[in-house]
Amino acid sequence: MAEARWLEVSLVVDGELAEALADLMARYVEGGVVVESGVRFDSIDDEGTPGGPVRVFGYIPVDNELETTRQKLESGLWHLAQITPLPQPVYRPIEDQDWMSAWKVNYHPIPVGTRILILPAWIEQDAGERIVVRIDPSMAFGTGTHPTTRLCLEFTEDLCQPGMDVIDIGCGSGILSIAALKLGARTAVAVDIDPLSVKATRENADANGIKTGLEIGEGSVDEVLAGGYAFSTAPLVLANILAPVLIRLIAAGMAQLVTPGGFLVLSGILEEQEPGVLQAARAAGLEYHARKQMGDWVSLALNKPK
Ligand code: SAH
């Protein structure tokens, strides 16, 4: 029997845990982590039924470092399990050298809203009428599997008009800016406090053939307000972070980024955090426009009066 060349490690978790777990595993596996979506699609136009367990897996090379790597991974998992319960990882030796193709078939296209289709970078597929957004799922947060991203993308689809300027605070993989540009936005300013996100956004923009119209930088609300970018106000501002951070950013002037008559879309809000976020938004002069919900996650669209 051929010697095992890779050790597959996989855990089945709730969708909400998948990104944190994938981030952790990415440090120890080679070739990227796969998040096998808990969303079922029956056809290209099926918007998918979210929920259900998600399988997160990757491959560790079988070499002299294997045991050390495995122990580091186990220790990382132990730490994560202190925050939220985790199942034991399942290990499986893989003999096939062509493991890349083995795992790539497992990453599904993700239709979002009525017009967008998220595809992993390597898949060629007929998208029908849908606009394709290519994302490398092994990079920064924002692969399209997480409900907060999906909700924000749906609002982008609703609110982004051709020729519009967009500001994307906390761009992660760049998924929201890339989708906005593909929906016809003129320019997107995408910022993130994490330099890895800046890099991932640039790479994903390249993979989507976006050559102009995207300005990417390290920073947040302050840096955009300070005028370091193409514009410091826009009719559509997107921020998919987490409620406490959103509230802090509203206090730091995030509403000032929105032109009168424009929208601020906030995501990453748990249902019980919604009143607090709304209160902060109203105090900053914004009005409720619409909400979307998936599981416990809520996304809000707020309007700045003319
Ligand atoms: N926009 C992507 C990624 C969301 S994850 C999507 O919708 O899928 C949230 C991102 O916000 C992370 O990349 C994180 O680095 C960034 N972030 C966290 N706090 C921030 C802050 N105060 N200002 C700007 N970005 C922040």
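Reckoned from all heavy atoms, side chains included, excluding hydrogens, waters and symmetry mates.
Heavy atoms from other residues, nucleotides or ligands lying under 6.0 Å from CG of Asp63 number more than 12. A 6.0 Å sphere centred on CD of Gln293 holds more than 12 heavy atoms belonging to other residues, nucleotides or ligands.
Using modelled atom types, no side-chain atom of Ser267 and backbone atom of Asn240 make a donor-acceptor pair closer than 3.5 Å. In terms of modelled atom types and a separation under 3.5 Å, the side chain of Thr201 and the main chain of Gly172 share a donor-acceptor contact. A distance-only check finds no donor-acceptor pair linking the side chain of Arg150 to the backbone of Met294 [under 3.5 Å]. When atom types are taken as modelled, the side chain of Asn303 and the backbone of Glu287 share no donor-acceptor pair closer than 3.5 angstrom. Counting only distance, with no hydrogens or angles, the side chain of Arg134 and the backbone of Ala207 share no donor-acceptor pair below 3.5 Å. Checked by atom type and distance alone, the side chain of Asp296 never pairs as donor or acceptor with a backbone atom of Glu271 at under 3.5 Å. Within the 3.5 Å criterion, the main-chain N or O of Glu154 finds no donor-acceptor partner in the side chain of Lys292. Between the side chain of Asn208 and the backbone N or O of Ile210 there is no donor-acceptor pair closer than 3.5 Å. Judged by distance alone, with hydrogens and angles left aside, the side-chain atoms of Asp14 form no donor-acceptor pair with the main-chain N or O of Glu16 at under 3.5 Å. Judged by distance alone, with hydrogens and angles left aside, the side-chain atoms of Ser177 form no donor-acceptor pair with the main-chain N or O of Asp168 at under 3.5 Å.
For the pair Lys306 and Gly261, the tightest heavy-atom approach, listed with the atom from each and the gap, is CG-CA, 3.8 Å. The two atoms that bring Ala18 and Val54 nearest to each other are CB-CG1, 3.9 Å, heavy atoms only. The minimum heavy-atom distance between Ile269 and Val277, with the atom names listed, is CD1-CG1, 3.9 Å. Considering all non-hydrogen atoms of both residues, Ala301 and Phe155 come closest at CB-CE2, 3.6 Å. What you find for Leu151 and Trp297 is that their closest heavy atoms are CD1-O, 3.5 Å. The heavy-atom pair separating Glu223 from Tyr229 by the smallest distance is O-CD1, 3.9 Å.
The side-chain heavy atoms of Phe231 and Thr187, taken from C-beta on, include a pair separated by under 4.5 Å. Contact of the Met254 side chain with the Leu246 side chain is registered, since non-hydrogen atoms from C-beta on lie closer than 4.5 Å. Side-chain contact check for Pro93 versus Val62: every heavy-atom pair is 4.5 Å or farther apart. Side-chain contact between Thr233 and Val258: absent, with no pair of heavy atoms (C-beta onward) separated by less than 4.5 Å. Leu278 is listed as a side-chain neighbour of Tyr288, based on a closest heavy-atom distance under 4.5 Å. A heavy-atom distance below 4.5 Å is found between the side chains of Leu238 and Leu236. Within the 4.5 Å cutoff, the side chain of Val13 has heavy atoms near those of the Pro87 side chain. Side-chain contact between Ile110 and Val112: present, with at least one pair of heavy atoms (C-beta onward) separated by less than 4.5 Å.
Put simply, CG on Leu196 and CD on Glu203 are 10.0 Å apart, with the number rounded to the nearest 0.5 Å. Here CD1 of Ile178 is found 6.5 Å from OG of Ser173. Values are rounded to the nearest 0.5 Å. Here the CZ atom belonging to Arg202 is positioned 8.5 Å from the CG atom belonging to Leu214, to the nearest 0.5 angstrom. With values rounded to the nearest 0.5 angstrom, Gln279 atom CD is found 8.5 Å from Ile247 atom CD1. Rounded to the nearest 0.5 Å, atoms CE (Met164) and OG1 (Thr156) are 10.5 Å apart. With values rounded to the nearest 0.5 angstrom, Ile131 atom CD1 is found 12.0 Å from Ile118 atom CD1.
The closest side-chain donor-acceptor pair between Glu157 and Thr114 falls under 3.5 angstrom. Using modelled atom types and a 3.5 Å distance limit, the side chains of Tyr59 and Glu8 yield a donor-acceptor pair.
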Show, in sequence, the C-alpha distance, side-chain angles and deciding distance for Leu77 and Leu21, and conclude whether the side chain to side chain contact (heavy atoms under 4.5 Å, CB included) test is met.
CA-CA 8 Å; Leu77 290 171; Leu21 181 59; 3.5 Å; yes
May I have the step-by-step check of side chain to side chain contact (heavy atoms under 4.5 Å, CB included) for Leu225 and Gln256, ending in yes or no?
CA-CA 8 Å; Leu225 280 178; Gln256 292 167 40; 3.9 Å; yes
Apply side chain to side chain contact (heavy atoms under 4.5 Å, CB included) to Val56 and Met25, showing your working.
CA-CA 9 Å; Val56 181; Met25 280 172 56; 3.9 Å; yes
Verdict with supporting geometry, Val90 and Leu11, side chain to side chain contact (heavy atoms under 4.5 Å, CB included):
CA-CA 6 Å; Val90 175; Leu11 289 94; over 6 Å; no
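No cation-pi contact links Lys304 to Phe263, judged by a cut-off of 6.0 Å to the six-membered ring centre and 45° from its axis. Arg70 forms a cation-pi arrangement with Tyr91, by the criterion of a distance under 6.0 Å to the ring centre and an angle within 45° of the ring axis.
Val12 and Leu17 sit in two unconnected hydrophobic clusters of ILVMFWY residues. Membership requires side-chain heavy atoms under 4.5 Å apart, directly or through other members. Residues Ile169 and Ile193 do not share a hydrophobic cluster, defined by chaining ILVMFWY side chains whose heavy atoms lie under 4.5 Å apart.
Qualifying salt bridge (charged side-chain N to carboxylate O under 4.0 Å, His left out) partners for Arg186, counting only residues two or more places apart in sequence or in other chains: Asp165.
Between Leu264 and the options Leu257, Ile167, Leu286, a side-chain contact (heavy atoms from CB on, under 4.5 Å) holds for only Leu286. Only one option out of Val265, Leu183, Leu176 pairs with Leu153 in a side-chain contact (heavy atoms from CB on, under 4.5 Å); it is Leu176.
Ion pairing between Arg291 and Glu274 holds under the 4.0 Å rule for side-chain N and carboxylate O.
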